[in-house]
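Okay, structure first, notes after.
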Amino acid sequence: MDSIKQKILIIDDSPETIQMMVEILKTSYSIIVATHGEKALQLAVKSPVPDLILLDIMMPDMDGYEVCRRLKANGNTQDIPVIFVTALGEVTDETKGFELGAADYIIKPISPAIVQARVKSHLMIRGLTRSLQFVNNELINLNLFLEEKVQQRTKELRYAVYFNSLTGLPSRVSLLKDLDQACYTLAQPPEQGLALLLLDCTRFSLINNSLGHGIGDKVLIAMAERFRNCLQSGESVYHLGEDDFGFLMRGIREETDVTSFANRILHTFAVSFQVESFEIFITARIGIVIGGAGYSQAVDIIRDGDTALQKAKADRTTGYYLFQGSLHDAALKRLRLENDLVIALKREEFLLHYQPIIDFKDNRIDAFEALVRWQNPQRGMVPPMEFISCLEETGLIVSVGMFIFRQACIQLREWQAVFKKELSMSVNLAPRQLSHPGLLADIDRILEETGIDPKDLKLEVTESGLLETGTHTVDILSALRLRGIQISIDDFGTGYSSLSYLNLLPVDILKIDRAFVKDIGPQGEHSEIAQAIVSVGQALGKKIVAEGLETAEQVAHLKQLGCNFGQGYYFSRPLDAKKATELLAVGQIPKA
Ligand code: C2E
Ligand code: MG
Ligand code: MG
């Protein structure tokens, strides 16, 4: 502003010089004067600080250089331009002044034009520097301000997308995101049960239309609060828009888990809503869909949930409707089985039964086949056909398989120590185990742990399993054989493997599937396939085991065909460890 003059401090011990300077500058500037250093330093810090200082060098108690040094050392005065005013010849050390931070020199005797010109230009430089600094600071501040605003706005937008602004509950977008995440988890074994419940209030628009949206909103807020309070662990609630709400329930095991959750939600409407002076009764319907591995994306689950909701609205009896997919019951049953199997592994509910394999040469027990059983407190003794495929599909077979392998080795070592050294053990290996990268390392570790000689072990791989797993299998089988373990093709004849392929496989034993044994009659009728398998096996130099021998005729016939070993109920059913030990103690199968 023009009315406020810029302030100049003149420091000089000579009254004449001061007077001259004042004369030259007083019309354009406001002038203050100090005749010695101490006074000057006091005046210099007084607000508003001077815009420029004219400083004499030669002064009695504190010279100009010292005054300048102190001005520059003080944060309040360091930016003020200092011009030394000095008599000609006094400039002994020009650089000293500049080093101390001086802006310029004016030589006495002073010329008014020079003083005015220098003062003017330095004030201009100072003015410009100040405005630049100001602009710079303003820009920094503006930038900070904008950044804060952007962050705040992003946060608000995120919130608006993921949460309902009225109730603060997670929104439809959140539900879709969580469902997609859940679908991914569903695909990972062990499967986690999940249910989606969609809720719609009956005739909510009536409240809005008759009492106004303000009341309607308050009811929704109260409703959301009740929902929040009724949740237990593994459950979440979403506000999908207007009077639509959604619920997710994770880790379900039974259908009743979900229906009781639905009842709990419906129960929150049992008490009326008191808003202002109104008492409002509301009813709602819920559509339920139970998710399982059958769902790969969120929209499918929501679609079925909507279908169920429509049914629930049409049906006025229960308040909820459970979506009935065609595979629904099977899926639930399967889900329960998977859950139980995970627990079974933890609780060590798996155990082994052993079925003897008889050497036709001397009618003695050559080996035992280890066959897994599941002893479950609720289900009783479960046969493998009911759970092996589930273990396979979930990948649990890898862990359970190694548990079985270890048990079989421990049992064999015990029997070898007590009875005979040449006894061997046959263990079944599932296709999933064969393709598991850790198989060889696991087997080596257990062999080492139990001290079993690999040549006393046989691994049974089903023919169909071999065909499924492909070329990599051959390498694994070869690696097992290199250790001395014998490989047996189980259920041979059912997998349609070509003869040329069979020739390539590194196997030692063929086990004729019992399907080809069971039809053989007393006179040896229907024995063509068994005969063909034995011929092929012999031609390829494999040992042959006949499975499922139930009658004396079957035994006699397969012996006569050239089988080396036999296994079946005729000799013995699979036995628990205690009974199998007793059998070994006798040493011979009575019927053989
Ligand atoms: P598999 O390996 O072919 O085992 C022979 C099955 O035939 C056993 O059934 C056995 O009890 C049954 N069996 C033996 N002799 C006779 C007979 O004379 N007549 C009839 N009708 N059946 C007989 P199990 O124990 O129910 O096992 C069924 C299948 O489950 C096994 O067939 C095998 O594929 C699988 N399995 C059993 N234990 C294991 C295991 O530890 N691991 C794997 N991966 N699979 C296993
Ligand atoms: Mg077997
Ligand atoms: Mg078999």
Side-chain angles (χ1 to χ4, degrees), residues 1 47-49 75-76 78-79 126-188 192 194-201 204 207-208 212-251 265 268 273 275-276 291 295-303 305-306:
M1 262 183 279
S47 181
V49 296
N76 294 323
Q78 63 186 9
D79 291 334
R126 173 162 165 81
L128 284 174
T129 316
R130 275 182 152 183
S131 8
L132 275 177
Q133 256 168 11
F134 177 76
V135 170
N136 196 30
N137 286 343
E138 282 299 289
L139 279 177
I140 289 172
N141 285 339
L142 185 67
N143 215 12
L144 283 174
F145 173 76
L146 286 177
E147 225 163 71
E148 220 168 77
K149 273 271 170 234
V150 168
Q151 270 177 12
Q152 171 74 16
R153 195 75 195 113
T154 312
K155 222 165 129 189
E156 283 167 13
L157 283 174
R158 248 190 93 75
Y159 187 84
V161 170
Y162 286 104
F163 293 89
N164 183 287
S165 57
L166 180 66
T167 55
L169 290 180
S171 66
R172 182 180 288 275
V173 177
S174 293
L175 174 66
L176 278 167
K177 191 171 109 281
D178 292 353
L179 264 181
D180 267 327
Q181 173 64 33
C183 280
Y184 174 76
T185 325
L186 285 178
Q188 312 299 308
Q192 296 285 310
L194 169 113
L196 169 69
L197 298 86
L198 295 178
L199 177 141
D200 184 41
C201 299
F204 193 81
I207 298 169
N208 277 335
H213 283 264
I215 301 287
D217 285 354
K218 283 185 179 157
V219 174
L220 290 172
I221 291 168
M223 212 184 275
E225 190 55 28
R226 288 189 191 180
F227 291 155
R228 257 193 216 110
N229 291 335
C230 92
L231 296 183
Q232 296 175 357
S233 100
E235 300 165 355
S236 32
V237 56
Y238 304 80
H239 189 174
L240 310 180
E242 297 178 357
D243 58 334
D244 297 331
F245 291 84
F247 300 83
L248 271 189
M249 185 182 200
R250 294 180 175 79
I265 297 167
T268 63
F273 291 86
V275 177
E276 293 176 10
Y295 288 104
S296 59
Q297 47 177 357
V299 285
D300 293 343
I301 304 184
I302 293 198
R303 178 203 59 213
D306 272 330

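Hydrogens, waters and symmetry mates are skipped; everything else that's a heavy atom, side chains included, is used.
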Those residues at least two apart in sequence (or on a different chain) that pass side chain to side chain donor-acceptor pair (under 3.5 Å) with N208 are none

In this structure, CG of D243 is separated from CD1 of I207 (nearest 0.5 Å) by 8.5 Å

Donor-acceptor under 3.5 Å (R172 side chain, G246 main chain): no

Heavy-atom closest pair (L197 atom, I265 atom, distance to 0.1 Å) is CD2-CD1, 4.1 Å

Does any part of the side chain of I221, heavy atoms only, come nearer than 4.5 Å to the side chain of E225, both counted from C-beta?
no

Next on the checklist: Side chains of L220 and F245, heavy atoms from C-beta outward: is any pair under 4.5 Å?
Outcome noted: yes

When every non-hydrogen atom of L194 is compared with those of R250, the smallest separation belongs to CD1-CG, 4.0 Å

With sequence neighbours left out, the residues meeting side chain to side chain donor-acceptor pair (under 3.5 Å) with D200 are K313

**Request:** Find out whether N229 and T268 are in side-chain contact, i.e. whether some heavy atom of one side chain is under 4.5 Å from a heavy atom of the other.
**Result:** no

For residues 154-163, tabulate all N or O donor-acceptor pairs below 3.5 Å that involve a side-chain atom, not counting sequence neighbours.
from : atom 1 : to   : atom 2 : distance (Å)
T154 : OG1    : V150 : O      : 2.6
E156 : OE1    : R153 : NH1    : 2.6
E156 : OE2    : Q152 : NE2    : 3.0

What one should report as the nearest heavy-atom pair of L198 and I302 is CD1-O, 4.1 Å

The test is salt bridge (charged side-chain N to carboxylate O under 4.0 Å, His left out); show your working for R303 and D300 and say whether it passes. CA-CA 5 Å; R303 178 203 59 213; D300 293 343; 3.5 Å; yes

Sorted by chain and residue number, the side chain to side chain donor-acceptor pair (under 3.5 Å) partners of E276 (sequence neighbours excluded) come out as K218

- Is the count of non-hydrogen atoms from other residues, nucleotides or ligands lying under 6.0 Å from E242 atom CD greater than 12? no

Just distance, no hydrogens or angles: give the donor-acceptor pairs under 3.5 Å from side chains in residues 130-142, sequence neighbours left out.
from : atom 1 : to   : atom 2 : distance (Å)
S131 : OG     : G127 : O      : 2.7
S131 : OG     : L128 : O      : 3.3
N141 : ND2    : N137 : O      : 3.4

Between R228 and G168 the two heavy atoms that sit nearest each other are NH2-C, 3.9 Å

Which of L231, L248, L199 passes side-chain contact (heavy atoms from CB on, under 4.5 Å) with V237? It is L231

d(D180 CG, L175 CG) to nearest 0.5 Å is 9.5 Å

request  = Indicate the ring-plane relationship of F247 and F227, choosing parallel, tilted or perpendicular according to the 30° and 60° boundaries.
outcome  = perpendicular

Heavy-atom nearest pair, Q232 first then E235, reads N-OE1, 2.6 Å

Beyond-backbone contact of K177 with P170, side-chain heavy atoms, under 4.5 angstrom: no

Hits for salt bridge (Lys or Arg N to Asp or Glu O under 4.0 Å) against R226, two or more places apart or cross-chain, chain-then-number order -> none

